[in-house]
Structure formats: structure tokens, C-alpha cells
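Have a look at the structure below, then the notes.
Atoms considered below: every heavy atom in the structure, side chains included; atoms not considered: hydrogens, waters and symmetry mates. Values in this document were obtained by computation on a predicted structure and should not be read as measured data.
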Amino acid sequence: MKQQQVKEHFARQADEYEELMVKLVPQYLFQHQVIQDLLPHENREYHVLDLGCGNGILSELIFSKLPRARAVGFDLTENMLQAYRKKLARFADRFSLQSGDFRVDPIGSDFDIILAGLTLHHLTWPERRAFYHHLYAALNSGGKFITRDIIIDEDRAVTEDHYSLWKKFMLSQGENPEFWYEKHLEKDHPMTLTDHFSWLHEAGFIKTACHWRLYNFAVTSAEKP
Ligand SMILES: C[S@@+](CC[C@H](N)C(=O)[O-])C[C@H]1O[C@@H](n2cnc3c(N)ncnc32)[C@H](O)[C@@H]1O
């Protein structure tokens, strides 16, 4: 799928983003608890990058838990950045927003935490493998990279079972599973956790771990030594 289509797809979702995610992603809200627990516990001046920030749902976790943290929200879709500005207006002095395509535009550097929520699956596998080197370079030593993403299992038959369970979940939420499944096949490039961890190690990351997984979704983290 071309970047313009990705942009149009998310521009249409900006206003109702969270309600939709709850119906499309199993345990979407529970994942926030898992991610929040992965954030550091000390009250320091963290510099955070929220890649593919959308409406700022993950930045909100940062601002709530870490009172002195500042974030850069980076996203391709202007409507999403507007939704971020509106949703997190009460934290306006703690964030800056950057409009750009992380495949080609600079993502900045000197970050203590990088979050990537449901966004890296837009990269093709070769793009993603190379991108992990950029993420590594953008992090400070001791920095943490946290992702929630769409994945596939190493075993094709298991992936098929996961897709069936995912469709059953979406149907139970009143959504059209076939519509969203087709969209997923059209625009996403999910990888296995084996590839994910192997590409992270290749880029220099350590302490790679999966903290939550259900069907074709997972929350993971890695650290820069
Ligand atoms: C599904 S939303 C995720 C929002 C939020 N991070 C979350 O965890 O729910 C994906 C976001 O990634 C953005 N995105 C997709 N490809 C991108 C790219 N190449 N560069 C920057 N943003 C991108 C989209 O515009 C969209 O806002």
C-alpha cells in the first residue's frame, strides 16, 4: 500500500480512533497497562519519541506516569496530529509534534524511550530490518524501545488459527471481520517475533522480551546497552 493510502486510511479514523481500536484490537486498553508497567519508575527528565503517535494514546501514558518527561509525537497523518493536540492539550508544554514519514524523514536522536504502537507493520521486512539500526542510533545508552504490533506466528497453520480468532473477536464487537482482514493484507507487513528479536539483536539491542501476546498482536521491549 502506498503512503498516500496509509495517510488517507488514518485520516478517516482520527476522530473515532480509540473507539475503533477497542473493537479491532483484542485487549487494546489492557495493553496500556502492560506498556505503562514497562516504563521506568524514577522521576527523571526523559526524552521520548512516540513514533506513529496517532492521537497520542501512548504519549498520554508517558505524561501520566513520568511528570518530567517530554515527548515528540511523530506521524504521517495531519488529522492524527490534530487529534493528538486536542486530546493532550492539558500537556501542551510537554510535547512537540513532527509531521513526517519515518521511512524517509529524520526521526531525531537523544531519546531515552521510543514507543512504536501499531505502526511499524507498515514497513516492509527489509525496511524494518534497516530501520532498527536508525532506532538504535536514535536512543541514548540505557534507552528502551517499546512496541505493540501486529505479528504472525512462525508456523503458518498457527497464524491461520490466530486470524480466525481475530476475526471472531472483531465480529463479537459488531465489526465486519472480512473488511478489516482484507485491509490488513493490503497495507500491513507483520513479522514473526523470531525475526523481530533477531533484527533487534543485529542492530545492537539487548534484553529483548515479549510481555503480552494474544493471537496476532504482541507487546515487546528491547534496550540499548
Ligand atoms: C494504528 S495508528 C497507531 C496509533 C498509536 N500509536 C497506537 O498505539 O494506538 C498508526 C499510526 O501510524 C502512522 N503511520 C503509518 N505509517 C507511518 C510512517 N511511515 N511515518 C509516520 N507515521 C506513520 C499513521 O498515520 C497512524 O497515525
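- Contact check for Asp110 versus Asn140: side-chain heavy atoms found under the 4.5 Å cut-off.
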In a table with atom names and distances, give each donor-acceptor pair under 3.5 Å that connects a side chain of residues 30-38 to protein atoms at least two apart or in another chain.
from  : atom 1 : to     : atom 2 : distance (Å)
Gln31 : OE1    : Arg148 : NH1    : 3.0
Gln31 : NE2    : Pro26  : O      : 3.1
His32 : NE2    : Arg148 : NH1    : 3.3
His32 : NE2    : Arg148 : NH2    : 2.8
Gln36 : NE2    : Leu61  : O      : 3.4

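- If you look at Trp166 and Phe217, their ring centroids are closer than 6.0 Å.
- In terms of the side chain to side chain donor-acceptor pair (under 3.5 Å) criterion, residue partners of Arg128 (sequence neighbours excluded) are, by chain and number, Tyr132, Asp149.
- Between Phe74 and Phe102, the two ring planes are tilted [angle within 30° to 60°].
- In this view, Phe169 satisfies the ring pair (Phe, Tyr, Trp, His ring centres under 6.0 Å) rule with no residue, not counting sequence neighbours.
- Residues His121 and Lys187 have side chains that never bring a donor and an acceptor to within less than 3.5 angstrom of each other.
- Taking the six-membered ring for Trp, Tyr84 and Phe95 have ring centres closer than 6.0 Å.
- A donor-acceptor contact shorter than 3.5 Å is absent between the side chain of Glu186 and the backbone of Lys183.
- The only member of Asp50, Ile57, Leu49 that meets side chain to side chain contact (heavy atoms under 4.5 Å, CB included) when paired with Cys53 is Asp50.
- Under a cutoff of 6.0 Å and an axis angle of 45°, Lys224 and Phe205 do not form a cation-pi pair.
- With rounding to the nearest 0.5 Å, the separation of CZ in Arg129 from CG in Asp195 is 8.0 Å.
- Judged by distance alone, the side chains of His211 and Thr220 never bring a donor and an acceptor atom under 3.5 Å apart.
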